[in-house]
There are 2 protein chains.
Amino acid sequence: MNDFELGPMVKDHRKKAGLTQLELANLAGVGKTTVFDIEKNKETVRWNNLLAVLRVLNIKVEFKSPLTK
Amino acid sequence: MNDFELGPMVKDHRKKAGLTQLELANLAGVGKTTVFDIEKNKETVRWNNLLAVLRVLNIKVEFKSPLTK
DNA sequence: CTTTTTTTACTGTTATAGCGGTAAAATTAA
DNA sequence: TTAATTTTACCGCTATAACAGTAAAAAAAG
C-alpha cells in the first residue's frame, strides 16, 4: 500500500489553481525545470524547493510515526 | 502556528532507535553530513535523501490540502 | 481545420549538495 | 576525575541539481 505519488498531486493542484508550470515556478521562486521534475516524481529535487512549491499550492506536509501518534 | 521542526523530530526518533548519526546515515545510504544537516533543519537537502532517512526511522510523510480532505 | 498556449525534452553552464577525512567540542561511560 | 563515544564543524573534491535557453510535441483555444 501507499504507492502514493506526489507528482500527480502537485499537477492536479496546480491545474485547479489555474496555473501553468511557469507561473507556479515563478510564484514559488524556483525554475520551471524544478516544477516539471516534481510533477514527474523526480525525488532528487531539493527539499526546500519542493516545500516552496507545496506552499504556493496550499499543500501541507505532515510527518507521522508510531511514536508521534 | 505550526513552526514544526523536522530536525529535532528526526533526532528524537534516532535516539529512541538507539542509533548514532553515522549508523543512521549508513542504514539510509547517505553521508553522515546529510544526517547532521537534516537534524539541523537544513532544508536544502535532497528530497530522496530525506526520504531515505525517514524510512529508516519509520516516519511517514503525508500531504494534505483542502482539496485532499 | 489553424493558431496559440502549454508541456515535454534536451543542452551548456553554474552553483552547491553530498561526500569522506579530519579534528575539536560536547556528551556519556567507566 | 579520565577515557571512550558522539556530535559538531570545517575542509577540499566530485557529482549533479538547478537554471535559462531553445525547440519540438501535445493540448487548448479560436
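By convention in this document, chain letters (A, B, ...) are assigned in the order of the sequence lines, proteins followed by strands, and residues within each chain are numbered from 1. Being a predicted model, the structure only gives us computed values, none of them experimental.
If you take CD1 of A:Ile38 and C1' of C:dA9, they are 17 Å apart, rounded to a whole angstrom. Atom CG in A:Asn48 sits about 8 Å away from atom P in C:dA17, given to the nearest Å. Rounded to an integer number of Å, the gap from A:Leu22 CG to D:dA20 P is 9 Å. If you take CZ of B:Phe36 and P of C:dT22, they are 19 Å apart, rounded to a whole angstrom. Across the protein-nucleic acid pair, B:Leu24 atom CG and C:dC19 atom C1' stand 16 Å apart, rounded to whole Å. Rounded to an integer number of Å, the gap from CG of A:Asp37 to P of D:dC19 is 10 Å. Here the P atom of nucleotide C:dG18 and the CG atom of B:Asn26 are 16 Å apart, to the nearest Å.
Judged by distance alone, the side chain of A:Asn58 and the main-chain N or O of B:Ser65 form no donor-acceptor pair under 3.5 Å.
Both B:Lys15 and B:Asn49 sit near DNA chain C, but only B:Asn49 has its closest nucleotide nearer the 5' end. Each of B:Thr33 and B:Glu23 was assigned the nucleotide of DNA chain D with the nearest heavy atom; the assignment lying further toward the 5' end belongs to B:Glu23.
Between the base of D:dG21 and the side chain of A:Lys32 there is a donor-acceptor pair shorter than 3.5 Å.
A sub-4.0 Å separation between OP1 or OP2 of C:dC19 and a side-chain N or O of B:Thr34 is present. Residue B:Lys11 places at least one side-chain N or O under 4.0 Å from the OP1 or OP2 atom of D:dT8. Residue A:Arg14 has a polar side-chain atom (N or O) positioned under 4.0 Å from OP1 or OP2 of C:dT7. Phosphate contact (OP1/OP2 of D:dT6, side-chain N/O of B:Gln21, threshold under 4.0 Å): absent.
One finds the NZ atom of A:Lys60 at 12.5 Å from the NZ atom of B:Lys64 (value rounded to the nearest 0.5 Å). Taking NZ from B:Lys15 and CD from B:Glu39, the interatomic distance works out to 8.0 Å, rounded to the nearest 0.5 Å. A distance of 11.5 Å separates OG1 of B:Thr20 from NZ of B:Lys32, quoted to the nearest 0.5 Å. Separation of atoms CG (B:Asn26) and CG (B:Leu22) is listed at 4.5 Å; rounding is to 0.5 Å.
When each of A:Leu6, A:Ile59, A:Leu27, A:Leu24 is checked for a side-chain contact (heavy atoms from CB on, under 4.5 Å) with A:Val53, only A:Leu24 meets the rule.
A parallel orientation is assigned to the rings of A:Trp47 and B:Trp47, their planes being inclined by less than 30° (bins at 30° and 60°).
Of the residues in residues 39-47 of chain A, those lying under 4.0 Å from DNA chain C by heavy-atom distance are A:Lys40, A:Arg46.
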